[in-house]
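Predicted model, so just to flag it, every value in this text is computed and none were measured.
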Amino acid sequence: MAGTVTKKYWLNNFLYKFVNTTNFKILEKPYASRGGAFINNHKLIIDTKSVSAIFSSSSPSATGDKKNVLPKMIEENKNFIIEHL
């Protein structure tokens, strides 16, 4: 998961606030981070299954000086990502 929804909510915050239902939940409340891009792990409950989802504040569609932030973050956090798959 990456980026924002309507530039008001990070995608994980949007799902937590508006989509938490009995068959879909984000277990941890997302936290806000100021400054540079960040990466976080979330446990999602979809029906009866627990799924790990990695969230990045940098969108794959980023342009300009942020264009390569997501691939760089993936490389820098690859051990964290592999641990949570």
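Taken to the nearest 0.5 Å, the CG atom of Asn13 stands 7.0 Å off from the CZ atom of Phe55.
Ile26 and Asn12 get closest at one heavy-atom pair: CD1-O, 3.5 Å. Scanning all heavy atoms of the two residues, the minimum distance from Ile46 to Phe24 falls at CG1-CD1, 3.7 Å.
Scanning for side chain to side chain donor-acceptor pair (under 3.5 Å) contacts around Lys49 gives an empty result, with sequence neighbours left out. In this structure, Asp47 has no side chain to side chain donor-acceptor pair (under 3.5 Å) partners at least two apart in sequence or on a different chain.
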Practice prompt. Starting from the C-alpha separation in whole Å, work towards a yes-or-no answer on side chain to side chain contact (heavy atoms under 4.5 Å, CB included) for His42 and Ser52.
Written response: CA-CA 6 Å; His42 291 289; Ser52 184; over 6 Å; no

